[in-house]
Structures are given as C-alpha cells and as structure tokens.
Q: 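Could you have a look at this structure, given as structure tokens, before my questions?
Positions are given from 1 along the sequence. All ligand and atom numbering here is 1-based and tracks the order in the structure.
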Amino acid sequence: MAKKITIDPVTRIEGHLKIEVEIEGGKVKNAWSSGTMARGFEALLQGKDPRDASFVTSRFCGVCYSVHQLTSARALDAAFGAKVPWGGNLIRNLVMGAQYIYDHPLHFYQLSALDYIDIMAVANYKGRDKDLLAVKDKVVNLVKSKDTYPLTPRYKPDEFSVKDPDIVITAIKHYIDAMKMHAQARNMGAIWGGRTPHYQNIVVGGVTSYPDINQVARFRTMLDEQAKFINEVYIPDVLAFGTGPLWELAKMGLGGGHHNYLSYGALEKDPEGKSLVFPPGVIMGLNPANIKVEPFDPNKITESVKFAWYKENKPVHPYQGEQVFDLNKKEAYSFVKAPRYDGKPMEVGPLARMLVAKNPLVLGLVGKGAKPGAVARHAARAFETKLIVDACYEWSDKLLIEMTKPGFKIHDKEHWDPQAEAMGAGFYEAPRGALGHWIEIKDKRIKNYQAVVPSTWNASPRDEKGVRGQYEESLIGVTVPDPENPINVVRVIRSFDPCLACAIHLVEPKTNQVRKFLIE
Ligand code: NFE
Ligand code: MG
C-alpha cells in the first residue's frame with residue numbers, strides 16, 4: 001500500500017515549502033509541492049509611483065534582493081523607454097556578479113553538502129592538520145553536548161553518504177571558510193549599492209552612484225580572494241563529490257524531472273548585448289546526444305492558478321495576471337502559481353542555463369554518463385560561478401576604461417518621469433533561474449505589476465491539465481528505501497536551491513508548525 005510522507009517545512013532553504021510524496025515499493029509514486037506562505041507584493045504595488053517598484057520588489061527576498069531590484073529596473077527601463085548607458089549597465093552587472101558569488105557557494109556548503117556526508121565521520125580523522133583537528137574537536141564537542149544546531153536537522157546517512165573522514169572533515173572546514181566568503185561577497189555588492197541588503201542606487205535608467213577608482217580597486221581585491229576560493233576550493237569540492245563518491249547518483253540522474261529547460265539569457269558583455277554570459281533559449285524534452293535549443297519567445301509565458309489559492313482564472317500571460325487570494329478553493333494546495341512556457345512546465349536555473357549554452361564542462365560530464373538531475377545541478381552551479389567571476393574581471397576592467405572617457409554616464413536622465421500609459425517587461429537570470437517582472441502603467445501610476453520568479457517555475461503545483469511542476473516531477477521514481485529517512489527527497493529538492501519567499505512574493509498560522517514530519 002502507498003504511504004504518504006509530509007516534510008513541512010523543508011529546511012535549509014529560504015521560506016516555507018511543504019513536500020508531500022506517496023511511496024510505493026520503496027519509490028516515490030506521486031508528489032506535491034506547496035508554498036505555504038501567503039504574500040501580497042504584486043497587489044500592494046498597484047497605485048504606487050512606478051519608480052518605487054525597484055525598491056519595493058527588492059523586499060521580496062532577503063537572499064536575492066538585488067536581482068529583483070535589477071529586474072524591476074529593467075521592466076521600468078522598457079516601460080519608460082530609458083536607455084541605460086554602458087557605464088550604468090556595467091555597475092548593474094557587477095552587482096549581479098556579487099550576488100552569484102555570494103549565493104552559489106553558500107548553496108553548496110550551507111544548504112546542500114550536509115545531505116551527502118556522514119558528519120560523525122570527523123571523529124575518525126587521524127591526520128595532524130591543526131585546522132582540521134580544531135574542526136574535529138569542535139564537532140565532537142557539539143555532538144557530546146547535544147548542540148549540533150548549525151549542522152542539523154539532518155537525515156540519517158545512507159549508502160550514498162560520504163564516510164571517508166578526510167573528505168568529510170575537509171568539507172566541514174570549507175563549510176566554515178565559506179561563511180567568511182559570503183560576508184565578503186555581500187560587501188562586494190555594497191560597494192556599488194551603498195549598503196546591504198536592499199541597495200540604494202538601482203533605478204530606472206541606470207544607477208545613481210558614480211564609481212571611483214578606490215571602489216573598483218576594493219572590488220578587485222575581494223574578487224581575487226573570491227576567485228581563489230571558487231577555483232581552488234568550491235569547484236574542486238563539487239567535482240570531488242560529484243565525480244567521486246556521488247558518481248552513482250549522477251549516473252542515475254536522481255531528480256531529473258521533465259527535462260524541459262528555459263533560460264531568458266542575461267548579462268551583457270558589450271554595450272549592444274551581442275554577447276551574453278548566459279544565452280537565451282528553450283529545450284523541450286532534452287536529448288543529451290543531440291541538444292536542440294529553440295529561441296525564447298516571451299509571449300509564450302502563462303501562469304495557471306488552477307491548484308493555487310488564487311481566484312479562479314484561466315491561464316494568462318503575466319501582463320494579464322492578478323493576485324487575488326481565494327483560500328476556500330478546494331483543489332488548491334499552494335500559494336505558488338504554475339508558470340508554463342508554451343503550456344509546458346520548465347526547469348530554470350544553473351542546469352537549464354548551462355544546457356542551453358551547451359557548456360562544454362557540463363556536456364563533458366553528461367558525455368561520461370551523468371544524467372541531468374540533482375548532482376548535475378550542483379556541478380552546473382559551480383561551473384557557472386566561474387563564468388561569473390571571469391565576467392566580473394572583464395566588467396571591472398571595462399568600467400575603469402569607461403570612467404576615463406569624457407562625458408562618462410551611468411544614468412539616462414531623459415527618461416526619469418513615468419509615461420502616462422505604458423507597459424514593459426524586464427528579463428534577467430537570477431542565481432536560481434529565469435526571472436521576469438512585468439509592469440503596466442496608467443495615469444503615471446502602477447496599474448498592474450507581476451513577477452514570475454525562478455522558484456515559481458521550479459516549485460509550481462499542477463496546471464489545468466494536471467501536469468506536475470518541476471519539483472514534483474523530479475521526485476517521481478526517487479528511491480526511498482526507508483520512509484523514516486526520505487533523504488533522497490530532500491537531496492533532490494534542495495538541489496534546485498528553493499526560495500519560497502521569492503516564489504510567492506504573513507504566514508498562514510494554522511499550518512505553520514515549526515517542524516512537521518509526518519508518515520501516514
Ligand atoms: Ni529569493 Fe530568487 C533567486 C529570484 S528565487 S532567491 O535567485 O528571483 O527563485
Ligand atoms: Mg507572481
């Protein structure tokens with residue numbers, strides 16, 4: 001008989017996510033992904049001055065505030081007809097670069113690595129490295145005093161958990177080192193944005209703060225340290241795990257899902273945007289031997305609310321979207337809407353971007369037998385962090401050159417006042433994937449504002465046709481030999497780096513227990 005397991009909330013992610021799976025014969029037979037927070041940002045933007053949007057939408061999320069500010073500014077640029085000068089766009093790109101450099105290593109060390117290691121193995125470390133012995137003492141003492149908070153809650157290690165004490169203790173050491181790197185990466189963003197979180201300088205038409213040489217120099221010094229950590233610690237760790245102890249999981253393609261991938265494309269390397277760090281494109285039903293990438297068409301995006309707690313409506317393009325809650329809807333089970341591209345559920349994020357780009361490193365792993373899934377997602381995330389680091393060097397070089405030109409500009413002052421009536425869309429690639437904001441302006445005020453964010457795509461519930469979202473589909477067939485220990489379920493879900501705060505843009509007090517883990 002099928003057994004139902006509820007994991008609520010899924011921890012080590014941002015926000016409140018409930019995952020339910022039905023297990024039969026040791027495998028997941030069916031799955032439901034629910035965002036359990038109700039938020040109302042899109043509705044509260046109505047009637048506001050459009051120029052406020054980039055500051056308000058920054059508050060969607062405590063992790064990726066900058067990406068909403070930037071994407072909102074791009075929607076406003078489009079609606080106002082503003083042309084961002086290259087100097088302004090370089091600074092925007094450097095802000096986004098700092099975001100990726102912060103976000104991706106954090107995801108690996110703090111949010112995911114503990115899914116793959118048996119932390120108790122540190123007690124068996126026999127080496128003499130002073131730093132590692134200090135880590136061993138620290139962890140053993142925390143366990144003895146039953147105070148393992150930074151390393152819990154955890155699931156029981158399984159056959160795939162890495163138990164080699166040398167590998168485990170090194171990973172824990174890097175877990176600690178990574179925290180210092182995150183703090184520095186936040187400072188790298190604050191150099192341009194004035195503070196962190198919620199930058200001060202990103203507005204329609206560009207940015208408001210002129211850079212000086214000291215700022216560029218400080219950014220570069222920190223970038224050097226980050227590049228060293230990313231190239232010498234983060235990427236080697238991800239590869240050591242992915243192609244070593246976890247290679248079996250990589251070959252199984254654990255957590256693959258629908259195998260439809262979407263990238264809006266982003267991050268211009270030249271003033272005309274002829275070359276991008278991440279190219280746009282769509283892959284429907286991936287054939288790894290022959291990857292076909294179709295052009296991205298923004299008109300093919302719709303959102304369904306069939307199974308979400310919003311007033312019933314047919315699937316509509318975001319320009320027609322609304323945010324009217326209906327908590328009494330019987331079949332609904334999530335505050336996340338269900339975005340679809342050409343009617344199909346899509347995966348967005350690092351793996352989607354690297355497949356659309358036909359990245360040789362990711363294709364190399366696939367060529368050796370890895371199937372796109374949870375492990376490949378971690379690898380794609382690490383590889384693209386290097387692309388971003390390299391781009392940050394290029395952008396800061398270009399900014400230095402740009403700054404010396406007479407008439408150096410960072411802002412289009414000609415398009416500061418809102419149009420009486422206008423519409424505009426902003427597209428970007430956030431660390432978790434394709435991000436779009438859509439604005440409609442009437443009487444110089446916001447008439448409608450809609451955001452479809454990466455975790456809305458990935459965490460979506462079923463659509464009108466009953467087709468599962470990408471988290472849900474990626475769980476089908478996942479092995480759960482012990483229903484008391486659904487570690488593979490969380491491995492798959494966390495490989496997407498969920499952010500529910502973003503996905504739903506107050507909390508439902510009735511369902512929001514601190515931690516619920518239910519087996520029926
Ligand atoms: Ni709240 Fe975000 C990113 C956006 S959500 S973290 O990256 O947009 O998926
Ligand atoms: Mg939305």
Q: Report the C-alpha separation of D115 and R494 in whole Å, then their side-chain angles, then the decisive distance to 0.1 Å, and conclude whether the salt bridge (Lys or Arg N to Asp or Glu O under 4.0 Å) test is met.
A: CA-CA 9 Å; D115 291 344; R494 289 201 275 246; 2.6 Å; yes

Q: Using a strict cut-off of 4.0 Å, indicate which atoms of ligand 1 neighbour a heavy atom of V67.
A: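 Matching atoms, with element in brackets: 4 (C), 8 (O).
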
Q: Does any non-hydrogen side-chain atom of N448 lie less than 4.5 Å from one of Y319?
A: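 In short, these two side chains do not touch, never coming nearer than 4.5 Å.
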
Q: Identify the protein heavy atom lying closest to atom 6 (S) of ligand 1, giving its residue, its atom name and the separation to 0.1 Å.
A: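 Here the nearest protein heavy atom works out to C64 SG, 2.9 Å.
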
Q: Could you check whether Q215 and R220, counting side-chain N and O atoms only, form a donor-acceptor pair closer than 3.5 Å?
A: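 No - no donor-acceptor pair under 3.5 Å links their side chains.
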
Q: Checking a contact table here: which protein heavy atom is nearest atom 3 (C) of ligand 1, and how many Å away?
A: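 Among all protein heavy atoms, the one nearest atom 3 (C) of ligand 1 is R432 NH1, 3.2 Å.
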
Q: May I ask you to list the atoms of ligand 1 that are less than 4.0 angstrom from any heavy atom of C61?
A: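 Heavy-atom distances to C61 below 4.0 Å select 1 (Ni), 6 (S).
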
Q: Using a distance-only test with no angle check, is there a side-chain donor-acceptor pair under 3.5 angstrom linking Q69 and S54?
A: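 No, because no side-chain N or O of Q69 sits under 3.5 Å from a partner of the opposite role on S54.
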
Q: Taking the six-membered ring for Trp, are H437 and F60 ring centroids under 6.0 Å apart?
A: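 Centroid separation for H437 and F60: below 6.0 Å.
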
Q: Quick one: does D103 get an N or O within less than 3.5 Å of an N or O on ligand 1?
A: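 N/O-N/O distance under 3.5 Å: no.
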
Q: Distance under 4.0 Å to a non-hydrogen atom of C499: what atoms of ligand 1 satisfy this?
A: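 Every atom of ligand 1 under 4.0 Å from some heavy atom of C499: 1 (Ni), 5 (S), 6 (S).
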
Q: Which atom name would you report as the N, O or S atom of E42 nearest the Mg ion (ligand 2)?
A: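 Of all N, O or S atoms in E42, the Mg ion (ligand 2) lies closest to OE2.
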
Q: At what distance is the nearest protein heavy atom to atom 5 (S) of ligand 1, and which residue and atom is it?
A: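 Among all protein heavy atoms, the one nearest atom 5 (S) of ligand 1 is C502 CB, 3.1 Å.
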
Q: Go through S58 and H198 one step at a time and tell me if the side-chain hydrogen bond (donor to acceptor under 3.5 Å, both in side chains) criterion holds.
A: CA-CA 6 Å; S58 171; H198 308 307; 2.6 Å; yes

Q: Is the distance from the Mg ion (ligand 2) to the nearest N/O/S atom of V453 under 2.8 Å?
A: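 So V453 does not count as coordinating the Mg ion (ligand 2).
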
Q: Verify the ring-centre separation between F335 and F325: is it less than 6.0 angstrom?
A: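 Between F335 and F325, which both carry aromatic rings, the centre distance is below 6.0 Å.
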
Q: Atom 8 (O) of ligand 1: which of G349, P498, P454 has the nearest heavy atom?
A: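 The nearest heavy atom belongs to P454.
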
Q: With a 6.0 Å cut-off on the ring centroids, do W192 and F219 count as close?
A: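 Under 6.0 Å, so yes.
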
Q: For a distance under 2.8 Å, tell me if H68 has an N/O/S atom near atom 2 (Fe) of ligand 1.
A: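 Within the cut-off used here (under 2.8 Å), H68 places no N, O or S atom near atom 2 (Fe) of ligand 1.
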
